[in-house]
Structure formats: structure tokens, C-alpha cells
Student: 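Below you will find the structure I want to go over with you.
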Amino acid sequence: MSYLEQPVDPRNPHGLGDPNDTKLRKVEVEVLIPKIMRDRAKAELCTKEVADFEACCKTSSIFMVATCRKENSALRDCLTLWYQNEAFKEECRKIYLQERSDYRSTGIPKKHRVEKI
């Protein structure tokens with residue numbers, strides 16, 4: 001039986017894994033989901049702190065380490081608050097599982113799916 005004649009497994013249509021599987025690997029739990037949390041927290045939840053820190057860094061140039069401590073501390077506190085929020089963690093986990101499921105069922109990575117829409 002050649003590669004083209006092999007039957008397609010409906011649970012693994014593109015050979016990328018079962019789209020409905022909700023088990024997470026260690027790298028997904030420790031790296032990929034925290035990346036989503038970090039990106040969402042910076043872009044949606046801590047926007048004021050991020051803007052304040054960026055503005056301080058732009059005006060301070062070389063001395064930003066010393067002069068932007070207050071802004072950096074506020075940003076870090078805001079991010080830590082969201083990293084420790086279990087509801088936010090679960091929401092990001094669901095977002096990741098949905099993205100992974102979409103990838104496994106279509107075989108198209110998220111960045112390419114977004115471009116084609």
C-alpha cells in the first residue's frame with residue numbers, strides 16, 4: 001500500500017494529532033500557554049503600565065535602568081497579578097487548545113489562516 005492509498009484517520013486528518021485531544025505536553029504548559037498569557041496581559045490588561053514604561057524608556061535612553069524603576073515595578077506587578085489569576089490562566093489555556101485544534105484539523109498554522117481570511 002503506497003502513501004497515497006493509506007486510509008485517512010478521522011481523528012488525525014493531517015497527521016498532526018487528534019484535534020479534540022485536550023491533554024497538554026510539558027512545553028505547552030510551561031512555555032506556550034504562558035506566552036499567550038504574557039502577550040494578552042501586555043496588549044489588553046496592562047496597557048497603561050506598558051505605555052508608561054515605554055515612554056519612560058524613550059525619554060531616559062541609557063539611564064532607563066535607574067530612572068524607570070517605578071514604571072518597571074508597576075508593569076511587573078500588573079503582569080504578576082494576571083499570571084496568578086486562575087480564571088485568566090484557564091481562559092488562555094482554552095484559547096491555546098482552540099488554536100491547536102484548528103491547526104490539527106486544517107493543517108494550516110494560525111498566522112497563515114489569518115492572512116488568508
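Here the structure is a predicted model, which means the values were calculated and not measured.
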Student: Rounded to the nearest 0.5 Å, what separates atom CG in Asn72 from atom CZ in Phe53?
Tutor: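 Reported value, rounded in 0.5 Å steps: 4.5 Å.
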Student: Just verifying a value: how many Å separate Ile36 CD1 and Cys92 SG, rounded to the nearest 0.5 Å?
Tutor: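 Ile36 atom CD1 to Cys92 atom SG measures 6.5 Å (nearest 0.5 Å).
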Student: Transitively linked via ILVMFWY side-chain contacts under 4.5 Å: Tyr103 with Ile95?
Tutor: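 No.
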Student: Calculate, to the nearest 0.5 Å, the distance between atoms CG and CG belonging to Asp77 and Leu81 respectively.
Tutor: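 Between atom CG of Asp77 and atom CG of Leu81 there are 8.5 Å.
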Student: How close do Asp52 and Glu71 get, heavy atom to heavy atom, and via which atoms?
Tutor: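 Heavy-atom minimum between the residues: O-CG, 3.9 Å.
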Student: Could you check whether any side-chain heavy atom of Lys94 comes within less than 4.5 Å of a side-chain heavy atom of Glu90, counting everything from C-beta outward?
Tutor: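 Contact flag for Lys94/Glu90 side chains = yes.
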Student: Could you report the tightest heavy-atom contact between Gln98 and Asp102, atom names first, then the distance?
Tutor: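 Where Gln98 meets Asp102 most closely, the heavy atoms are NE2-OD1, 2.7 Å.
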Student: Show the nearest heavy-atom pair for residues Cys78 and Leu45, with the distance to one decimal.
Tutor: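 The pair with the smallest heavy-atom distance is SG-O, 4.1 Å.
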Student: Under a 4.0 Å N-O cut-off, is there an ion pair linking Arg40 with Glu91?
Tutor: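 Result for this pair is yes, salt bridge flagged.
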Student: Quick one: are Tyr96 and Glu28 in side-chain contact, heavy atoms under 4.5 Å?
Tutor: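 Contact flag for Tyr96/Glu28 side chains = yes.
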Student: Would you say that Arg100 contacts Leu24 through its side chain, given a criterion of any heavy-atom pair below 4.5 Å between the two side chains?
Tutor: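 A side-chain contact exists here, since the closest heavy-atom pair is under 4.5 Å.
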Student: What's the shortest heavy-atom distance between Leu79 and Ala41, and which atoms?
Tutor: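 Heavy atoms only, the tightest pair is CD2-CB, 3.7 Å.
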Student: Salt bridge between Glu49 and Arg76, side-chain N to carboxylate O under 4.0 Å?
Tutor: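 No, Glu49 and Arg76 are not salt-bridged.
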Student: Under 2.5 Å between the SG atoms of Cys56 and Cys68: is that the case?
Tutor: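 Cystine link detected, SG atoms below the 2.5 Å cut.
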Student: What are the two closest heavy atoms between Lys42 and Val50, and how far apart are they?
Tutor: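 So the minimum-distance heavy-atom pair works out to O-CG2, 3.8 Å.
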Student: Could you tell me whether the side chain of Ser101 and the main chain of Leu97 form a donor-acceptor pair under 3.5 Å?
Tutor: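 Here the side-chain-to-backbone pair does not exist.
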Student: Just verifying a value: how many Å separate Leu75 CG and Thr80 OG1, rounded to the nearest 0.5 Å?
Tutor: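 Output value for this atom pair is 9.0 Å.
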Student: Where the side chain of Ser61 meets the backbone of Cys57, is there a donor-acceptor pair that is under 3.5 Å apart?
Tutor: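 Pair absent, no side-chain N/O of Ser61 close to backbone of Cys57.
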Student: Please give me the minimum heavy-atom distance between Pro34 and Val29, naming the atom from each residue.
Tutor: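 Heavy atoms of Pro34 and Val29 come nearest at CD-O, 3.2 Å.
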